[in-house]
Amino acid sequence: MERKYRYEMIKVQINDFDLEKISKSGQCFRMNPIMEQEKKYALIAHGEYLEMEETTDGICFSCTQEEWDKLWKNYFDCGRDYRKIYRSVDKTDEYMLRAVSCGSGIRILRQEIFETTISFIISQQNNIPRIKKCVQSLCSSFGEEKYNIRREKYYAFPTPERLAGLTLEDLQGCNLGYRSRYILKSSRMIVEGEIDFAGLADMTYEEARAELMKLCGVGIKVAECICLFALHHVEAFPVDTHIKTVLLKYYPDGFPFEKYEGYAGILQQYAFYYDIYGEM
DNA sequence: GGACAGGGTTACG
DNA sequence: CGTAACCCTGTC
């Protein structure tokens, strides 16, 4: 196969890694299949553009070994043995056994903190396709313009400073609804140091969650999402409408946190995925 | 075609 | 402390 443009590619062997499931898992909103090419995905994260493809003997990434080691390896949580998580599920926990089997290949990503914060403020009372549209619109309007390996334009996620300087009017074109106000206010709080945003990475899960909830438009659920999908506190357990349904139906006596101490959030993600895509 | 709900949160009472 | 209202779209 002839490639139009020359660019670095590396092939990595990773167990329990499924691009489609990761892209559909609802934790990231800028990873999508590339139109013309089946099973090939493009992702924009940490300001960078990455293409990915599953092959029979590994997964191809459009980056150098150095970039992989420095950024993407960690982004995809490659230091963790997910097989160990599957095996750790209680044999009597039938729902979770099915959920994990359905969602095997999902990874919990390490996403950029500001992007995750704004994206999950947008996510409230919203559905995934429209969240993606809102995020894309925000990026193409206010993000830095860059060029990818195909020499196509793409946009980084806007900086806090850029969003903080906007007005409600500026955001009207992004169709964010009442969330516009939350985004402006929270961005300004971050820029003006009203919350210790830079210090979040060094806080414990509980500290980070409390600090995040000071932001406007960030309640318990959104804070848990940021803790899990950006700060990688895998004990964080976001409860949304899907998880609420699951808890009511399959865990009427409460979720067995004691069995899954320290990583309930990962299992939450399998349950979320299974509730949306399972048994179709 | 209008009504309704979609990964909640805020701001009232 | 419970709950209506918040904005915008895609779907029925």
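What you see below is based on every heavy atom in this structure, not just the backbone, and it leaves out hydrogens, waters and symmetry mates. Every chain is numbered from 1 and lettered A, B, ... according to where its sequence line falls, protein lines coming before strand lines.
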From the set B:dG8, C:dC7, B:dA11, return the single nucleotide nearest to any side-chain atom of A:Gln125. B:dG8
Nearest-angstrom distance from the residue atom CZ of A:Phe120 to P of B:dT9: 12 Å
Here the side chain to side chain donor-acceptor pair (under 3.5 Å) pairs for residues 172-182 of chain A, sequence neighbours left out, are none
Write out all pairs satisfying salt bridge (Lys or Arg N to Asp or Glu O under 4.0 Å) with one or both partners inside residues 16-30 of chain A, taking only residues at least two apart or from two chains. A:Asp16-A:Arg83, A:Glu20-A:Lys24
Need to verify one output field. Residue with the more 5' nearest nucleotide on DNA chain B, A:Phe272 or A:Val218? A:Phe272
Taking the basic N atoms (NZ, or NE/NH1/NH2) and the acidic carboxylate oxygens, is any pair closer than 4.0 Å for A:Arg110 and A:Asp77? yes
What does the list of N/O pairs under 3.5 Å between the protein and nucleotides 9-12 of chain C look like, with a distance for each?
from: C:dT9; atom 1: OP1; to: A:Asn175; atom 2: OD1; distance (Å): 2.5
from: C:dT9; atom 1: OP1; to: A:Asn175; atom 2: ND2; distance (Å): 2.6
from: C:dG10; atom 1: OP1; to: A:Lys133; atom 2: NZ; distance (Å): 2.8

Using atom P of each nucleotide, how far apart are C:dC7 and B:dG1 to the nearest Å? 27 Å
Base-pairing string, 5' to 3', of DNA chain B - Watson-Crick or wobble, under 3.5 Å, | interstrand: .|||||.||||||
Please check if the side chain of A:Gln269 supplies one atom and the backbone of A:Ile266 the other of a donor-acceptor pair under 3.5 Å. no
Could you tell me how far apart A:Arg181 (CZ) and C:dC6 (P) are, to the nearest whole angstrom? 12 Å
Which residues in residues 224-249 of chain A have a heavy atom closer than 4.0 Å to any atom of DNA chain B? A:Asp240, A:Thr241, A:His242
Are the charged groups of A:Glu145 and A:Lys153 less than 4.0 angstrom apart, N to O? yes
Whole-Å C1' distance, C:dG10 and B:dT9: 22 Å
Pairs where residues 207-228 of chain A contributes a residue and the test ring pair (Phe, Tyr, Trp, His ring centres under 6.0 Å) is met, not counting sequence neighbours: none
Please state whether the rings of A:Tyr251 and A:Phe255 are parallel, tilted or perpendicular, taking 30° and 60° as the class boundaries. perpendicular
Pair listing, salt bridge (Lys or Arg N to Asp or Glu O under 4.0 Å) test, anchored in residues 238-256 of chain A, at least two apart: none
Value in whole Å for how far the P atom of B:dA5 lies from CG of A:Asn126: 16 Å
Provide, to the nearest angstrom, the distance between the CD1 atom belonging to A:Ile183 and the P atom belonging to B:dT9. 14 Å
With nearest nucleotides of DNA chain B determined for A:Arg179 and A:Leu215 from heavy-atom distances, which residue corresponds to the more 5′ nucleotide? A:Arg179
Rounded to whole angstrom, note down the C1' distance from C:dG2 over to B:dG6. 22 Å
So does A:Tyr182 reach the base of B:dG8 with its side chain, donor to acceptor, closer than 3.5 Å? no
Kindly write out the residues that satisfy side-chain hydrogen bond (donor to acceptor under 3.5 Å, both in side chains) with A:Asn127, not counting sequence neighbours, or none if the list is empty. none
CZ of A:Phe29 versus C1' of B:dG6: gap in Å, rounded? 13 Å
If you count every heavy atom of other residues, nucleotides or ligands that lies below 6.0 Å from A:Glu207 atom CD, does the total exceed 12? yes
In this structure, how many angstroms lie between the C1' atom of C:dC8 and the CD1 atom of A:Ile128, rounded? 17 Å
Rounded to whole Å, CE of A:Met213 lies from P of B:dA11 at a distance of 14 Å
Review item, nucleotides 3-5 of chain C N/O atoms under 3.5 Å of protein N/O:
none

Output field: ring centroids A:Phe142/A:Phe157 closer than 6.0 Å: no
Side chains of residues 213-228 of chain A: which donor-acceptor partners sit under 3.5 Å, not counting sequence neighbours?
from: A:Lys214; atom 1: NZ; to: A:Glu211; atom 2: OE1; distance (Å): 2.8
from: A:Lys214; atom 1: NZ; to: A:Glu211; atom 2: OE2; distance (Å): 3.4
from: A:Glu224; atom 1: OE1; to: A:Tyr205; atom 2: OH; distance (Å): 2.5
from: A:Glu224; atom 1: OE1; to: A:Phe237; atom 2: N; distance (Å): 3.2
from: A:Glu224; atom 1: OE2; to: A:Tyr205; atom 2: OH; distance (Å): 3.2
from: A:Glu224; atom 1: OE2; to: A:Arg209; atom 2: NH1; distance (Å): 2.8

Test ring-ring contact (aromatic ring centres under 6.0 Å, His included) on A:Tyr49 and A:Tyr147 and set out the steps. CA-CA 9 Å; A:Tyr49 174 93; A:Tyr147 287 87; over 10 Å; no
Other cluster members, A:Leu19 - Ile/Leu/Val/Met/Phe/Trp/Tyr, side-chain contacts below 4.5 Å: A:Ile10, A:Val12, A:Ile14, A:Phe17, A:Ile22, A:Met31, A:Tyr41, A:Leu43, A:Leu50, A:Met52, A:Ile59, A:Phe61, A:Trp68, A:Leu71, A:Trp72, A:Tyr75, A:Phe76, A:Leu109
Quiz: residues 158-168 of chain A side-chain donor-acceptor pairs under 3.5 angstrom, not counting sequence neighbours:
from: A:Thr159; atom 1: OG1; to: A:Arg162; atom 2: N; distance (Å): 3.1
from: A:Thr167; atom 1: OG1; to: A:Glu169; atom 2: N; distance (Å): 3.4
from: A:Thr167; atom 1: OG1; to: A:Asp170; atom 2: N; distance (Å): 3.2
from: A:Thr167; atom 1: OG1; to: A:Asp170; atom 2: OD2; distance (Å): 3.1

What is the distance, rounded to the nearest whole Å, between atom NZ of A:Lys185 and atom C1' of C:dC7? 17 Å
With a non-hydrogen cut-off below 4.0 angstrom, is A:Gln172 in contact with a base, only sugar-phosphate, or nothing? nothing
Name the nucleic acid region contacted by A:Ser119, choosing base, sugar-phosphate or nothing; use a 4.0 angstrom heavy-atom cut-off, strictly under. nothing
Classify A:Leu171 by what it touches in the nucleic acid, base, sugar-phosphate, or nothing, heavy-atom distance under 4.0 Å. nothing
